[in-house]
Amino acid sequence: MAWGKRMPPRGRAEAAKSKPGKRDADRAVEPAEAGPRSKTPPGDTAAEGGPYRQEPAQARGRQRKEALLDAAVDLLEAGGFAQVTHRAVADRAALPLAATTYYFRSREDLLTQAFARLVQRDVSAMRERLRPLTDTEPAAVADAVVSALAPACEAERSRQLALWELYFQVGREPAFRPFARAWTDCCHEIVAEVLAEAGYPHASADVDILVATVEGMIARDLVEARPDAIRAMIDTVARLLHALQATVPAESGGGPSPIPADRPAP
């Protein structure tokens with residue numbers, strides 16, 4: 001029968017329901033709605049029940065950042081400024097490369113914070129090397145000043161070499177300047193404390209002369225490694241202290257005296 005070759009009306013209606021229209025086709029190619037961006041730091045295995053599962057997220061973050069900073073400091077001390085790259089720091093800290101950019105905005109940010117840590121460690125070491133004075137003669141006071149400021153072992157020499165490299169980099173990296181100044185200011189404070197304990201009159205300019213002299217000789221020794229460099233520093237500072245003694249009024253007997261009221265310590 002001729003009509004049998006045509007689809008019955010009911011069949012056509014059912015086929016139309018099953019055939020996708022334009023609206024359905026557009027909906028089919030729409031991307032799935034994106035979920036919230038993960039805020040989990042790279043290398044955090046807590047979500048998978050990893051080794052940090054029991055620790056708060058903030059504590060884990062601090063530990064990873066500390067590890068990265070320690071790695072950057074180690075690289076600075078071992079190989080200098082050029083050795084500190086994101087990949088080298090991540091490798092040394094045994095953390096993913098992405099962790100460095102997660103915790104530090106840039107290489108400059110990483111180096112700035114590493115410089116601050118180096119200064120903090122060096123100042124702590126200088127304070128540990130301070131000792132009570134048992135003699136106020138210029139040679140003894142000079143020995144105390146040099147012993148506090150100059151590195152006492154190879155590890156401290158490596159740290160100061162890294163500090164001096166960053167110090168001179170300040171001309172190209174102004175972000176380092178506050179930490180360079182903080183390092184110098186702490187050296188001034190330490191020398192002023194030694195002079196005050198010994199009873200030497202001094203002004204800020206006197207302290208500046210002593211610090212500049214010792215720091216310059218330390219920098220030269222780090223580069224040239226001359227024999228008897230420490231002895232030369234002590235002898236030079238002792239000569240400067242003799243000059244300071246000459247500023248004491250004659251009635252005091254020429255020896256160290258308390259700081260005059262019109263010449264306060266810085």
Side-chain angles (χ1 to χ4, degrees), residues 69 72-73 75-77 80-81 84 108-131 133 138 141-198 200-226 229-230 232-241 243-244 247 259 263-266:
L69 273 176
V73 168
L75 289 167
L76 283 168
E77 293 178 349
F81 182 83
V84 182
E108 179 183 327
D109 183 30
L110 175 59
L111 282 166
T112 299
Q113 295 191 45
F115 192 7
R117 174 153 300 189
L118 276 170
V119 169
Q120 182 184 45
R121 289 183 179 180
D122 198 57
V123 171
S124 296
M126 287 190 288
R127 293 238 168 243
E128 289 175 2
R129 293 195 295 267
L130 280 173
R131 58 183 186 275
L133 288 171
V141 178
D143 184 82
V145 168
V146 172
S147 295
L149 299 188
C153 62
E154 282 304 313
E156 290 180 356
R157 285 178 67 88
S158 295
R159 181 174 60 236
Q160 285 218 359
L161 187 59
L163 279 165
W164 279 106
E165 185 178 4
L166 288 169
Y167 186 88
F168 286 112
Q169 189 68 21
V170 170
R172 294 187 175 89
E173 301 283 352
F176 297 167
R177 185 164 290 122
F179 307 105
R181 289 176 175 173
W183 188 34
T184 300
D185 291 345
C186 288
C187 292
H188 275 243
E189 291 173 7
I190 288 170
V191 171
E193 289 171 16
V194 173
L195 294 179
E197 183 183 355
Y200 281 75
H202 61 279
S204 179
D206 301 322
V207 177
D208 196 44
I209 290 169
L210 289 171
V211 171
T213 299
V214 176
E215 287 185 337
M217 297 184 78
I218 289 172
R220 184 177 69 180
D221 177 48
L222 290 171
V223 174
E224 300 179 4
R226 291 178 181 269
I230 297 296
M233 291 181 210
I234 294 171
D235 290 344
T236 302
V237 173
R239 290 172 65 87
L240 293 173
L241 291 174
L244 274 181
T247 65
I259 301 169
R263 299 186 68 188

Parallel, tilted or perpendicular: which describes the rings of F115 and F179, with under 30° parallel and over 60° perpendicular?
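The arrangement is tilted - the two ring planes meet at 30° to 60°.
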Taking every non-hydrogen atom, the tightest pair across [X] and [Y]:
X    : Y    : result
P138 : A238 : CB-O, 3.8 Å
C187 : E215 : SG-OE2, 3.4 Å
L133 : A198 : CD1-CB, 3.6 Å
M233 : A150 : SD-CB, 4.4 Å
A72  : V84  : O-CG2, 3.9 Å
A114 : L69  : N-CD2, 3.7 Å

Is any side-chain heavy atom of [X] less than 4.5 Å from a side-chain heavy atom of [Y]?
X    : Y    : result
E77  : L118 : yes
L241 : L195 : yes
R131 : D143 : yes
L130 : M126 : no
E189 : R127 : yes
R157 : D221 : yes
T236 : V146 : no
V73  : R121 : yes

Set of residues satisfying side chain to side chain donor-acceptor pair (under 3.5 Å) with respect to R172, sequence neighbours excluded
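Counting only residues at least two positions away or on another chain, R172 forms no side chain to side chain donor-acceptor pair (under 3.5 Å).
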Residues two or more places apart in sequence or in another chain: which of them pass side chain to side chain donor-acceptor pair (under 3.5 Å) with D122?
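If we apply the side chain to side chain donor-acceptor pair (under 3.5 Å) test to D122, skipping adjacent residues, the hits are R159, Q160, W183.
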Which value, rounded to the nearest 0.5 Å, describes the distance between [X] atom [atom1] and [Y] atom [atom2]?
X    : Y    : atom1 : atom2 : value
F81  : L76  : CZ    : CG    : 8.5 Å
L210 : I190 : CG    : CD1   : 13.5 Å
S158 : L163 : OG    : CG    : 11.0 Å
T112 : E173 : OG1   : CD    : 7.5 Å
T184 : Y167 : OG1   : OH    : 4.0 Å

Taking A152's backbone N and O only, do any of them form a donor-acceptor pair with E156's side chain (distance below 3.5 Å, no angle check)?
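Here the side-chain-to-backbone pair exists.
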Do side-chain atoms of E108 reach the backbone of A175 as a donor and acceptor pair under 3.5 angstrom?
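Flag not set: sc E108 to bb A175 has no pair under 3.5 Å.
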Taking everything shown except R181 itself, do over 12 heavy atoms lie less than 6.0 Å from its CZ?
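For R181, atom CZ is not crowded (no more than 12 foreign heavy atoms under 6.0 Å).
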For R239, look at atom CZ and say whether over 12 heavy atoms of other residues, nucleotides or ligands are found less than 6.0 Å away.
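Open: at most 12 neighbouring heavy atoms sit under 6.0 Å from CZ of R239.
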Go through the steps to decide whether T213 and L240 satisfy the test side chain to side chain contact (heavy atoms under 4.5 Å, CB included), and finish with yes or no.
CA-CA 9 Å; T213 299; L240 293 173; 3.6 Å; yes
